[in-house]
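Note sheet for the following structure.
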Amino acid sequence: MDIKIIGSGCADCDKLYANMEEAIRLTGVTATLGRVEDLVEMVKLGVMTTPSVTINGKLVVSARVAKVEKLVEILKENM
């Protein structure tokens, strides 16, 4: 599973990254977690609001810091 946290590196982006790390740990999924902070790359991905999350190229969270519990649900749906 390829997961990307998309945002400019702000505090909300950092919190979302940490929440996703915890969700991955709780679910035990095998995932590659990365960040996209470059504006050009964000536009290429079709993301206009941050922080956001993509899983395998699909936008699953947009313009908010999702809680760990919600991210666990999203991970399970995308397994």
Side-chain angles (χ1 to χ4, degrees):
M1 188 177 294
D2 181 42
I3 303 170
K4 292 192 177 15
I5 306 299
I6 302 163
S8 61
C10 64
D12 284 345
C13 299
D14 293 341
K15 179 64 176 166
L16 182 56
Y17 189 92
N19 287 356
M20 182 57 81
E21 284 181 317
E22 180 66 9
I24 290 169
R25 187 187 69 74
L26 289 171
T27 58
V29 299
T30 301
T32 302
L33 179 59
R35 292 180 183 249
V36 176
E37 296 179 347
D38 180 67
L39 184 58
V40 173
E41 288 301 313
M42 288 181 209
V43 172
K44 284 181 184 177
L45 292 170
V47 175
M48 300 298 149
T49 54
T50 62
S52 296
V53 178
T54 61
I55 296 179
N56 299 329
K58 175 183 162 192
L59 186 64
V60 294
V61 173
S62 182
R64 65 187 174 92
V65 178
K67 294 183 178 183
V68 172
E69 296 80 13
K70 182 62 178 173
L71 293 172
V72 167
E73 287 177 29
I74 291 169
L75 288 174
K76 288 179 179 178
E77 290 170 2
N78 286 277
M79 292 174 98

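For the atom pair SG of Cys10 and CD of Glu37, the computed distance is 9.0 Å after rounding to the nearest 0.5 Å. Atoms CG and OG1, on Leu75 and Thr27 in that order, are 4.5 Å from each other to the nearest 0.5 Å. Atom CG of Leu45 and atom CG of Asp38 lie 10.0 Å apart (nearest 0.5 Å).
Every residue two or more places apart in sequence or in another chain that forms a side chain to side chain contact (heavy atoms under 4.5 Å, CB included) with Leu33 is listed here: Ile3, Ile5, Tyr17, Met20, Glu21, Ile24. With sequence neighbours left out, the side chain to side chain donor-acceptor pair (under 3.5 Å) criterion links Asn78 to no other residue. Under the salt bridge (Lys or Arg N to Asp or Glu O under 4.0 Å) criterion, Asp14 pairs with Arg35, sequence neighbours left out. Annotation: salt bridge (Lys or Arg N to Asp or Glu O under 4.0 Å) contacts of Asp2 (sequence neighbours excluded): Lys4.
Listed by first and then second residue, the salt bridge (charged side-chain N to carboxylate O under 4.0 Å, His left out) pairs involving residues 24-34 are Glu22-Arg25 (not counting sequence neighbours). Residue pairs satisfying the side-chain hydrogen bond (donor to acceptor under 3.5 Å, both in side chains) criterion with at least one member in residues 51-74, sequence neighbours excluded, are listed as follows: Thr49-Ser62. Note on residues 43-55: pairs passing salt bridge (charged side-chain N to carboxylate O under 4.0 Å, His left out), not counting sequence neighbours, are Glu41-Lys44.
Using a 4.5 Å heavy-atom cutoff, the side chains of Ile6 and Pro51 are not in contact. Considering only heavy atoms from C-beta on, Asp12 stays 4.5 Å or farther from Leu16 through its side chain. Residues Val36 and Val47 have side chains not in contact (no heavy-atom distance under 4.5 Å, counting atoms from C-beta outward). Contact check for Met1 versus Met79: side-chain heavy atoms found under the 4.5 Å cut-off.
Residues Ile74 and Val72 are members of separate hydrophobic clusters, defined by side-chain heavy-atom contacts under 4.5 angstrom among Ile, Leu, Val, Met, Phe, Trp and Tyr.
Other residues sharing the hydrophobic cluster of Val40, ordered by chain and number and joined by side-chain separations under 4.5 Å: none, the residue standing alone.
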